[in-house]
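In what follows, a single structure is set out as structure tokens and then discussed.
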Amino acid sequence: MRYTIDMLVAAAPYVVLVALIAYSVRTVIFIIGAARERQRRIPYTVPMPTPIPFISVVIPARNEEHTIAHCVHSLLASNYPQECFEIVVVNDRSTDRTGEVLQLLQRDIPNLVIHNTVDDNTNVNLQGKPRALHQGIMHSRGEYILMTDADCIVPPTWIPAIVQTFQNAHIGLIAAYTVPKGKRLFDYLQMHEWLLNNTMASAGV
């Protein structure tokens, strides 16, 4: 059977409609399943390895004056002993008050390390955020390197859970994902979209 252009154009709206219905049904099923799973979830503690390794959390920050303090304080609320980790914030050429906020935080947080990015043209692949991460890692002392963004808030179990996973000698990299947070309808829709796509990506990996 030969299809003409007119036939394909006429069928396009129906194909799109079917795809939207299938996607919507899949999303609703996933959201219901995720909600039921969250209701059943109980608080858990992560066992600490022995000895407890010293780790570094590297945070690239560019113009994050409104978010960096929240990120740092969420790390300080970790279940991991504070004397066993450092927070390395890389101030990546910020033009706002990020540097000033970091200086104020450092007065009360002894394990907070501030590094200002330095221009480096020796590697064209290390520009922008990759350069900030690279320089932060180079100034870290930890046996393990954890990374998060300056506009993220991590749960108390984030550090110990990753460190515990690294105790498996066959694991060299741990990937995680974030979920947007907000009170608007769009924020909730985006949160579920990220949760759906990131879970599917994790399953694919």
Side-chain angles (χ1 to χ4, degrees), residues 8-44 46 57-79 87-102 104-105 112 117 127-133 136 146-162 165 173-205:
L8 294 175
V9 171
Y14 298 100
V15 173
V16 173
L17 179 61
V18 171
L20 288 175
I21 292 175
Y23 179 82
S24 300
V25 170
R26 183 189 66 171
T27 302
V28 169
I29 292 174
F30 179 85
I31 291 174
I32 293 174
R36 294 180 62 183
E37 178 66 23
R38 184 172 295 273
Q39 290 175 353
R40 290 197 300 265
R41 187 174 300 171
I42 59 176
Y44 68 97
V46 180
V57 181
V58 178
I59 309 172
R62 178 173 172 82
N63 295 337
E64 298 285 359
E65 62 176 308
H66 300 296
T67 60
I68 186 59
H70 298 291
C71 180
V72 170
H73 284 300
S74 72
L75 288 165
L76 294 177
S78 173
N79 295 338
I87 304 171
V88 182
V89 180
V90 183
N91 184 12
D92 186 19
R93 299 163 296 159
S94 296
T95 56
D96 62 357
R97 295 181 57 254
T98 298
E100 181 180 342
V101 172
L102 289 172
L104 292 174
L105 289 171
L112 173 61
T117 54
Q127 302 297 325
K129 184 177 179 179
R131 176 178 59 184
L133 285 171
L146 280 64
M147 293 177 287
T148 186
D149 287 340
D151 59 350
C152 291
I153 296 177
V154 302
T157 54
W158 183 66
I159 295 178
I162 292 182
T165 305
L173 173 68
I174 300 173
Y177 59 84
T178 58
V179 176
K181 184 179 181 180
K183 298 181 179 180
R184 299 174 303 170
L185 175 61
F186 176 79
D187 297 326
Y188 284 105
L189 293 175
Q190 188 180 40
M191 177 180 65
H192 290 303
E193 176 70 12
W194 280 37
L195 186 62
L196 174 65
N197 290 338
N198 286 316
T199 300
M200 292 179 64
S202 298
V205 172

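Keep in mind that this is a model prediction, so the values were computed, not measured.
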Within a strict 4.5 Å, meaning less than it, do heavy atoms of the [X] and [Y] side chains meet?
X	Y	answer
V88	I59	no
N79	I159	no
W158	V57	yes
L146	T148	no
L102	I68	yes
T117	N91	no

Who passes salt bridge (charged side-chain N to carboxylate O under 4.0 Å, His left out) against R131, sequence neighbours left out?
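Partners of R131 by the salt bridge (charged side-chain N to carboxylate O under 4.0 Å, His left out) criterion, ordered by chain and then number, come out as D119.
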E100: side-chain hydrogen bond (donor to acceptor under 3.5 Å, both in side chains) partners, not counting sequence neighbours:
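If we apply the side-chain hydrogen bond (donor to acceptor under 3.5 Å, both in side chains) test to E100, skipping adjacent residues, the hits are R97.
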Kindly write out the residues that satisfy side-chain hydrogen bond (donor to acceptor under 3.5 Å, both in side chains) with S78, not counting sequence neighbours, or none if the list is empty.
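Per chain and number, S78 pairs via side-chain hydrogen bond (donor to acceptor under 3.5 Å, both in side chains) with no residue.
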List the residues meeting side chain to side chain contact (heavy atoms under 4.5 Å, CB included) with [X], not counting sequence neighbours, and say none if there are none.
X	result
D96	N63, E65, S94, T98
V25	I21, I29
D151	E64, T67, D149
H73	A69, L76, L105

Can you name the closest pair of heavy atoms from [X] and [Y] and give their distance?
X	Y	value
A150	C71	O-CB, 3.4 Å
K129	D92	N-OD2, 4.3 Å
P60	V58	CD-O, 3.9 Å
G136	V90	CA-CG2, 3.5 Å

What is the distance from atom CD1 of I174 to atom CE of M147, rounded to the nearest 0.5 Å?
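Rounded to the nearest 0.5 Å, the CD1-CE separation comes out at 11.0 Å.
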Rounded at 0.5 Å granularity, tell me how far CD in Q190 sits from CZ in R184.
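Rounded to the nearest 0.5 Å, the CD-CZ separation comes out at 8.5 Å.
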For the pair V89 and I87, evaluate side-chain contact (heavy atoms from CB on, under 4.5 Å) and give the outcome as yes or no after the intermediate values.
CA-CA 6 Å; V89 180; I87 304 171; 4.0 Å; yes
